[in-house]
Amino acid sequence: MTGERQAVYTHGHHESVLRAHRRRTAENSAGYLLPHLRPGMSLLDVGCGPGTITVDLAARIAPGRVTAVELTDEALDLARAEARTRDQSNVSFATSDVQALDFPDDAFDVVHAHQVLQHVADPVQALRELRRVCVPGGIVAVRDADYAGFIWFPQLPELDRWLDLYDRAARANGGEPDAGRRLLCWAQQAGFDDITPTASVWCFATPDSRDRWGRMWADRIVESALARQLVDSGMATATELGEISSAWLDWAAAPDGWLTIPHGEIICRA
């Protein structure tokens with residue numbers, strides 16, 4: 001671990017959070033990286049979460065190996081379980097901090113971080129570390145959402161309040177919820193000079209996707225680590241969070257409901 005100031009992971013690991021994260025795949029969350037992968041590569045997946053993207057990437061680069069990283073061994077257990085369930089044996093696991101990675105220089109062909117830098121206290125230092133452990137000419141691939149760019153319909157005032165509360169909580173924890181638009185700037189500050197910036201969106205507008213996303217946030221805003229932080233800090237009351245939860249269900253039930261989440265993406269050559 002490093003002495004660098006660390007941000008707090010705002011979402012926590014409540015079931016409602018993992019429910020959403022387990023729907024992430026290499027195709028829907030790392031499509032910008034996939035054309036650069038080939039069998040036999042070595043890949044570091046920083047902030048692997050429940051491991052669904054990790055295991056997808058491992059299948060694509062086999063017989064190459066993926067090293068999955070989280071801050072705690074408890075968090076890594078989620079990815080270990082995913083790898084066992086899918087019988088993906090070319091994945092190893094390590095605890096480390098992205099701001100001071102416990103790996104030698106020039107160790108990996110590809111270094112990947114999905115939805116990580118928005119939670120890091122010093123994202124530029126994190127990118128320096130991602131570059132350090134990447135082989136010369138290798139790839140550093142980063143993707144992060146941008147909360148201020150969320151768009152939804154119908155316009156419900158409770159969801160405006162939800163976004164304001166999330167922004168305040170994330171910043172109180174040392175994060176940057178609008179990371180997507182900053183990735184290019186951060187990469188330049190970290191010393192990269194060969195950067196390909198792109199963007200993509202998640203869209204929730206079908207009845208099934210609205211139901212999944214709306215029910216997930218209806219639970220998350222009253223039961224997760226975020227909910228506890230908001231109430232304990234006095235940012236919101238439990239009653240207010242209950243109203244926001246109900247609004248998420250109203251949005252999900254709207255036949256014309258729509259929500260898009262923009263993501264910044266960068267492919268950097270080390």
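This one's a predicted model, so the numbers in the text were calculated from it and none came from an experiment. Nothing fancy with the numbering, it's 1 onward along the sequence.
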Linked, directly or transitively: [X] and [Y] (ILVMFWY side chains, under 4.5 Å):
X      : Y      : result
Phe93  : Phe108 : no
Val46  : Phe192 : yes
Val140 : Val135 : no
Leu184 : Leu33  : no
Val55  : Met41  : no

Where do [X] and [Y] come nearest, in terms of heavy atoms and distance?
X      : Y      : result
Ala190 : Leu127 : CB-CB, 3.7 Å
Asp178 : Ala148 : OD1-N, 2.9 Å
Ala79  : Gly49  : CB-O, 3.6 Å
Gly12  : Ala225 : CA-CB, 3.9 Å
Ser245 : Val222 : CB-CG1, 3.9 Å
His21  : Pro50  : CB-CG, 3.7 Å

What I'd like to find out is whether the side chain of [X] reaches to under 4.5 Å of the side chain of [Y], using heavy atoms alone.
X      : Y      : result
Trp152 : Asp160 : yes
His263 : Asp146 : no
Ile151 : Leu259 : no
Ile195 : Gln188 : yes
Leu44  : Val69  : yes
Asp219 : Arg19  : yes
Val142 : Ile267 : no
Ile139 : Leu37  : no

Are any side-chain N or O atoms of [X] and backbone N or O atoms of [Y], one a donor and one an acceptor, separated by less than 3.5 Å?
X      : Y      : value
Glu70  : Thr72  : no
Arg132 : Phe103 : yes
Thr25  : Ile53  : no
Glu129 : Leu101 : yes
Asp109 : Ser42  : yes
Asp97  : Gln99  : yes

Kindly state each residue pair satisfying side-chain hydrogen bond (donor to acceptor under 3.5 Å, both in side chains) with at least one member in residues 246-255, sequence neighbours excluded. none
Which pairs count as side-chain hydrogen bond (donor to acceptor under 3.5 Å, both in side chains) when at least one residue sits in residues 189-208, sequence neighbours excluded? Arg143-Ser200, Thr198-Glu265, Ser200-Glu265, Thr206-Ser209, Asp208-Arg212
Show your reasoning for whether side chain to side chain contact (heavy atoms under 4.5 Å, CB included) applies to Thr260 and Trp258. CA-CA 7 Å; Thr260 54; Trp258 181 290; 3.0 Å; yes
Is it true that [X] and [Y] make a salt bridge, defined as a side-chain N closer than 4.0 Å to a carboxylate O?
X      : Y      : answer
Arg215 : Asp211 : yes
Arg161 : Glu243 : no
Arg131 : Asp106 : no

Residues 21-42 vs salt bridge (Lys or Arg N to Asp or Glu O under 4.0 Å), sequence neighbours excluded, gives Glu27-Arg60
Just grab all the salt bridge (Lys or Arg N to Asp or Glu O under 4.0 Å) pairs involving residues 39-56, residues at least two apart or on different chains. Asp56-Arg86
Which residue is it: His14, His11, Glu15? I am looking for the one with a side chain to side chain donor-acceptor pair (under 3.5 Å) to Arg220. His11
One pair to check against ring-ring contact (aromatic ring centres under 6.0 Å, His included): His36 and Tyr32. What are the steps and the verdict? CA-CA 8 Å; His36 301 276; Tyr32 72 108; 8.2 Å; no
Find the distance between [atom1] ([X]) and [atom2] ([Y]) and round it off to the nearest 0.5 Å.
X      : Y      : atom1 : atom2 : value
Glu74  : Leu78  : CD    : CG    : 8.0 Å
Thr52  : Leu57  : OG1   : CG    : 9.5 Å
Leu76  : Leu71  : CG    : CG    : 9.5 Å
Met216 : Ser224 : CE    : OG    : 10.0 Å
Thr10  : Leu226 : OG1   : CG    : 7.0 Å
Ser29  : Gln115 : OG    : CD    : 7.0 Å

Side chain to side chain contact (heavy atoms under 4.5 Å, CB included) between Gln125 and Val120, worked out: CA-CA 9 Å; Gln125 170 60 18; Val120 172; over 6 Å; no
Please walk me through it: do Val66 and Ile61 pass side chain to side chain contact (heavy atoms under 4.5 Å, CB included)? CA-CA 8 Å; Val66 170; Ile61 67 167; 3.6 Å; yes
Does Arg181, at its CZ atom, have more than 12 non-hydrogen atoms belonging to other residues, nucleotides or ligands within less than 6.0 Å? yes
Non-neighbouring partners of Ala236 that pass side-chain contact (heavy atoms from CB on, under 4.5 Å), sequence neighbours left out: Leu165, Leu230, Glu240, Leu241
side-chain contact (heavy atoms from CB on, under 4.5 Å) against Ala254, all qualifying residues, sequence neighbours excluded: Pro154, Asp256
Evaluate the criterion side chain to side chain contact (heavy atoms under 4.5 Å, CB included) for residue pair Ile261 and Val201; output intermediate values, then yes/no. CA-CA 5 Å; Ile261 299 176; Val201 300; over 6 Å; no
Row check, Phe204 ring normal vs Arg210 NZ/CZ: under 6.0 Å, within 45°: no
Modelled atom types, side-chain donor and acceptor of Gln118 and Asp144, under 3.5 Å: yes
Stepwise, does the salt bridge (charged side-chain N to carboxylate O under 4.0 Å, His left out) test hold for Arg171 with Glu176? CA-CA 6 Å; Arg171 294 184 188 283; Glu176 174 47 79; 2.9 Å; yes
Let me see the working for Thr95 and Asp73 under side-chain hydrogen bond (donor to acceptor under 3.5 Å, both in side chains), right down to the final yes or no. CA-CA 6 Å; Thr95 57; Asp73 201 57; 5.9 Å; no
